[in-house]
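We're numbering straight along the sequence, starting at 1.
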Amino acid sequence: MASALGAQASVAAPIGAGGYGRRSSSSKGSNTVNFCNKSWIGTTLAWESKALKSRHMNKIFSMSVQQASKSKVAVKPLELDNAKEPPLNLYKPKEPYTATIVSVERLVGPKAPGETCHIVIDHGGNVPYWEGQSYGVIPPGENPKKPGSPNTVRLYSIASTRYGDSFDGKTASLCVRRAVYYDPETGKEDPTKKGICSNFLCDSKPGDKVQITGPSGKIMLLPEDDPNATHIMIATGTGVAPYRGYLRRMLMEDVPSFKFGGLAWLFLGVANTDSLLYDEEFTNYLQQYPDNFRYDKALSREQKNKNGGKMYVQDKIEEYSDEIFKLLDGGAHIYFCGLKGMMPGIQDTLKRVAEQRGESWEQKLSQLKKNKQWHVEVY
């Protein structure tokens, strides 16, 4: 539904969704990493004591936000950039990897509808991934529909680069909206119908164990063949997760093999100012890299569109439609991530704009897909 555009939801789906690819390994050679051979990956974190680790990790999230306004951050191990193909399905549902929760931070303010959390997971370097991929999470307990069987896998887009928020290749971050259900008749929350996995993750404590699978997904991988390309990123709510990873790689991290010199343009749709996700980080990029980053927000409960209705992300797209179409004609990539309900409104807007320009949207969309400029992951 279009009205859902101001809301947020976790990137979660059954493991079979999305047509994710099979296990893949890199080509052989001294300068490549074989993701299917896990023996190369370190299994322990470099902290000497639990107390030191705890103090360090409590600072990671706030530190990494501040880093966006400073010089670029050194990352390691740089071998993570040597592989020619993305890691895929290193861990499957029947044999998941047991990772550890590092931290759980509430991302939204008190006036946000619902709760969204930033969750850092320590995988010890054993479950490497690329920006734009997803992890599967298997919440503890039995599957209520299949007694005696484990819960099904839920997919979450990864919200960090391959180097993680601690820049050492040993963590991954998820952006998770706590799923709750309110009875339409009483208006009261029904805890029996809450989202099992999102509540497990948001309620987790540092040190808790979490079963993960993957990584999976190729459709949202960041194309890096042209470091000067334009990337138009459109998100609702937690759909911003992969873009946080892209932007950290483009603008925060010092990656010798990828020196971004293009334009990254983020459109983020949420309910209100308190619902904005990673806003401080993105605002810092604007100050630091005004020529390489643009940031437009659609706040459905605070802003009005040109017709006096609620401001959704498609209204922002329409506002800048001429510029967007020219960038697409010039080879820009465009990405959509978030609620399924975002796409019909966006498609209608793009079709209307194309017709006003005397173009066929169907032909244009076909060409964008053919050129691999069109990337969609909705749930």
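- Not counting sequence neighbours, the partners of E323 by the side chain to side chain donor-acceptor pair (under 3.5 Å) test are R294.
- The CH2 atom of W130 sits 16.0 Å away from the CE atom of M220 when rounded to the nearest 0.5 Å.
- The side chain to side chain donor-acceptor pair (under 3.5 Å) check on K372 picks up nothing, with sequence neighbours excluded.
- The environment of E362 atom CD is dense: over 12 non-hydrogen atoms of other residues, nucleotides or ligands sit within 6.0 angstrom.
- The main-chain N or O of Y289 is never found under 3.5 Å from a side-chain atom of N292 such that the two would form a donor-acceptor pair.
- Between D225 atom CG and F258 atom CZ the span is 9.5 Å, to the nearest 0.5 Å.
- Atom-to-atom distance recorded for T171:OG1 and R162:CZ is 14.0 Å, nearest 0.5 angstrom.
- Inter-residue side-chain proximity for M252 and Y285 is flagged as met; some heavy-atom pair is nearer than 4.5 Å.
- Side-chain atoms of T349 come within 3.5 Å of backbone atoms of G345 as a donor-acceptor pair (strictly under, hydrogens ignored).
- Judged by distance alone, with hydrogens and angles left aside, the side-chain atoms of Q303 form no donor-acceptor pair with the main-chain N or O of M311 at under 3.5 Å.
- Side-chain contact between C202 and R177 is absent, with no heavy atoms from C-beta onward closer than 4.5 Å.
- Of the possible donor and acceptor atoms, one in the side chain of R154 sits under 3.5 Å from a partner among the backbone N and O of T152.
- Put simply, the side chain of D203 reaches to within 4.5 Å of the side chain of R178, judged on heavy atoms.
- Partners of E319 by salt bridge (charged side-chain N to carboxylate O under 4.0 Å, His left out), not counting sequence neighbours, listed by chain and number: K316.
- For the pair E318 and K306, the salt-bridge criterion is met [side-chain N within less than 4.0 Å of a carboxylate O].
- At a threshold of 4.0 Å, the pair D254-K259 counts as salt-bridged, since one of the basic side-chain nitrogens sits closer than that to a carboxylate oxygen.
- One side chain, D165 or S173, offers a donor N or O that lies under 3.5 Å from an acceptor on the other.
- Residue Q356 qualifies as enclosed at atom CD: its count of foreign heavy atoms under 6.0 Å is above 12.
- Expressed to the nearest 0.5 Å, how far CZ of R352 lies from CD of Q314 amounts to 9.0 Å.
- Remark: K76 NZ is loosely packed, at most 12 non-hydrogen atoms of other residues, nucleotides or ligands lying under 6.0 Å away.
- Taking the six-membered ring where the residue is Trp, Y335 and H231 present parallel rings, their angle staying beneath 30° rather than reaching 60°.
- In this structure, D168 contributes its side chain and K170 its backbone to a donor-acceptor pair below 3.5 Å.
- Checked by atom type, the side-chain pair T98/Q211 shows a donor-acceptor distance below 3.5 Å.
- Using a 4.5 Å heavy-atom threshold, the side chains of L339 and Y379 count as touching.
- For Q133, there are no side chain to side chain donor-acceptor pair (under 3.5 Å) partners, not counting sequence neighbours.
- A 4.5 Å side-chain heavy-atom check between E131 and S160 finds every atom pair outside the cut-off.
- Partners of Y163 according to the ring pair (Phe, Tyr, Trp, His ring centres under 6.0 Å) rule, which considers only residues two or more places apart in sequence or in another chain, do not exist here.
- Under the side chain to side chain contact (heavy atoms under 4.5 Å, CB included) rule, S275 has a single partner from V270, L107, L268, which is V270.
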Verify side chain to side chain donor-acceptor pair (under 3.5 Å) between E377 and S157, making sure each step is shown before the conclusion.
CA-CA 9 Å; E377 185 171 84; S157 286; 2.9 Å; yes
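- The six-membered or imidazole ring of W265 lies away from that of Y295, with a centre-to-centre distance of 6.0 Å or more.
- By the side-chain contact (heavy atoms from CB on, under 4.5 Å) test, K194 is found to be paired with N199, residues two or more places apart in sequence or in another chain being considered.
- Y97 places no side-chain N or O within 3.5 Å of a backbone atom of N126 that could act as its donor or acceptor partner.
- The shortest distance between side-chain heavy atoms of E224 and S257 does not fall below 4.5 Å.
- Ring planes of Y135 and Y129: perpendicular class, angle over 60° (limits at 30 and 60°).
- With hydrogens and angles disregarded, no donor-acceptor distance shorter than 3.5 Å links the side chain of N143 to the backbone of N151.
- For NZ of K351, the number of neighbouring non-hydrogen atoms (other residues, nucleotides, ligands) closer than 6.0 Å is 12 at most.
- Using a 4.0 Å cut-off between charged side-chain N and carboxylate O, E253 and R248 make no salt bridge.
- The backbone N or O of I234 lies less than 3.5 Å from a partner atom in the side chain of Y243, making a donor-acceptor pair.
- The aromatic rings of W361 and F325 are tilted relative to each other, their planes meeting at an angle between 30° and 60°.
- At least one donor-acceptor pair under 3.5 Å links the side chain of N305 to the backbone N or O of K310.
- Considering only heavy atoms from C-beta on, V108 comes within 4.5 Å of T116 through its side chain.
- Hydrophobic clustering, with ILVMFWY side chains joined whenever heavy atoms are under 4.5 angstrom apart, groups I232 together with M343.
- Here I212 contributes atom CD1 and S134 contributes atom OG; the two are 12.0 Å apart, rounded to the nearest 0.5 Å.
- For the pair I219/V376, no side-chain contact is recorded, criterion being any heavy-atom separation below 4.5 Å from C-beta on.
- Residue T236 holds its OG1 atom at 13.0 Å from NZ of K340, rounded to the nearest 0.5 Å.
- With D226 contributing its side chain and N228 its backbone, the two residues share a donor-acceptor pair below 3.5 Å.
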